[in-house]
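In what follows, chains are A, B, ... by sequence order, proteins preceding strands, each numbered from 1. Keep in mind that this is a model prediction, so the values were computed, not measured. Worth knowing before you read on, the calculation uses all heavy atoms, side chains too, and leaves out hydrogens, waters and symmetry mates.
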2 protein chains.
Amino acid sequence: MMSSMSNKIEMYLKVMLDRASNGVIEVQRSELADIFDCVPSQINYVLGTRFTPAHGYKVESRRGGGGFLRIIRLNFEPDTDFQHLFEEIIGEELSQNQGEGLIERLFQEGVLTKREKLILKQICSMSFFNRLGLEDQEFLRAKIIQAALATVMREDL
Amino acid sequence: MMSSMSNKIEMYLKVMLDRASNGVIEVQRSELADIFDCVPSQINYVLGTRFTPAHGYKVESRRGGGGFLRIIRLNFEPDTDFQHLFEEIIGEELSQNQGEGLIERLFQEGVLTKREKLILKQICSMSFFNRLGLEDQEFLRAKIIQAALATVMREDL
DNA sequence: GATAATAAGGTCAGTAATGGTCAGGGGTGA
DNA sequence: TCACCCCTGACCATTACTGACCTTATTATC
């Protein structure tokens, strides 16, 4: 059930982003918290767990009077970002949440098919990972996505 | 002889699955335990003994607030090659050669696309594996192929 | 200008709400 | 007796939510 408050807030923001022509929206944290009847810091929780760079979003903000949150959907330029992603983001370590976010994003961008997305998500969430230390888990996730990307990037397919 | 509680829970879930249009249901463990007046862990027992890939089902879950169990029916009949395949590789360990052979076979049988085959081979030959002991390596390979196979057989794809 | 008041948003530790695991007890039939 | 289910409960792991306290920007006042 996708019905936790965090999920609702996430969907609400994504609908707003879809409606915005340029993939950028600005909202006020306190106003959003009012709409969903939650504490303001819950908004930060949602942003921190669902709108990270790995998920394909960037968040900017400003405090004080006239403050705001600006959520930017990063657009994916296949020719440049693909290579960039492969080399830089994925060389690091990925939490499960970030890994799934990245896989989902690659699907949204048409890089992976739905089946491939589900296979990779499944592999990245295998219980086997629990045997490993946290660092190894995150490294392995990164390597798995990297391996998949390396294959998908091949030109002879 | 009275049907055991596990049998009742099993039937209940299978009726729900029949009613669901796409062979997928989501339930809450604690809610189900409440309905049958049993401890929550009994639900895990039922899932672990009756809803495995070898039985033609796959279970995904999420912990924490808003958590759930998702039961997915797989798209193959009992007593077919696929069932035997699952039984074969469950709990087994696969050398790199065996792993690649199995992946190749699944491709030949039309279960995996060419891209999926290459992705899985790439993953199974990652250098990361060298950090692990031989036993872990082989176990991980088996788990990866199981995960991919179970995913690809989902009814809702 | 300098300063105080006001109006945002940020952080983090703690609590609540889920599901997972495992060792063990209790039947039941061969 | 022994093997095999079924069932339980204590303890663990993960995700969601809250509130107290902190930082920064703008605006009003002197």
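The nearest whole Å value for the distance from the CG atom in B/L32 to the P atom in C/dT18 is 14 Å. Going from atom CE of A/M5 over to atom P of C/dT18 covers 13 Å, rounded to whole Å.
B/F82 pairs by the ring pair (Phe, Tyr, Trp, His ring centres under 6.0 Å) definition with nothing, not counting sequence neighbours. Listed by chain and residue number, nothing satisfies the salt bridge (Lys or Arg N to Asp or Glu O under 4.0 Å) test with A/R62 (two or more places apart in sequence, or in another chain). Among residues two or more places apart in sequence or in another chain, the side chain to side chain donor-acceptor pair (under 3.5 Å) test is passed with B/S95 by B/Q98. Evaluation of the ring pair (Phe, Tyr, Trp, His ring centres under 6.0 Å) rule for B/F129 yields no partner, not counting sequence neighbours.
Here A/R70 lies out of heavy-atom contact (under 4.0 Å) with every strand.
Residue pairs meeting the ring-ring contact (aromatic ring centres under 6.0 Å, His included) criterion with at least one partner in residues 14-43 of chain A, sequence neighbours excluded, are A/Y12-A/F36. Residue pairs meeting the side chain to side chain donor-acceptor pair (under 3.5 Å) criterion with at least one member in residues 124-135 of chain B, sequence neighbours excluded, are A/D136-B/R131.
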Show me, pair by pair, the donor-acceptor contacts under 3.5 angstrom made by side chains of residues 28-35 of chain A, not counting sequence neighbours?
{"unit_1": "A/Q28", "atom_1": "NE2", "unit_2": "A/G67", "atom_2": "O", "d": "3.1"}
{"unit_1": "A/R29", "atom_1": "NH1", "unit_2": "A/N44", "atom_2": "OD1", "d": "2.7"}

ask   = Just by protein heavy atoms under 4.0 Å, how would nucleotides 2-13 of chain C read 5' to 3' in B, S and -?
value = -----BBBBB--
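Of the residues near DNA chain D, A/D37 and A/Q137, the one whose nearest nucleotide (by heavy atom distance) lies more toward the 5' end is A/Q137.
Applying the 4.5 Å side-chain rule to ILVMFWY residues, one finds that A/F107 remains a lone member of its cluster. Summarising the hydrophobic clusters (Ile, Leu, Val, Met, Phe, Trp, Tyr; side-chain heavy atoms under 4.5 Å, direct or chained), the residues clustered with B/I72 are B/V24.
In this structure, B/K8 does not pair ionically with B/E10, as no charged nitrogen and carboxylate oxygen lie closer than 4.0 Å.
A 4.0 Å heavy-atom criterion places the boundary nucleotides of DNA chain D facing chain A at D/dT15 to D/dT26, written 5' to 3'.
Terminal axes of the helix from C/dG1-D/dC30 to C/dA30-D/dT1 (five pairs each, C1' rotation axis) are separated by 0°, to the nearest 10°.
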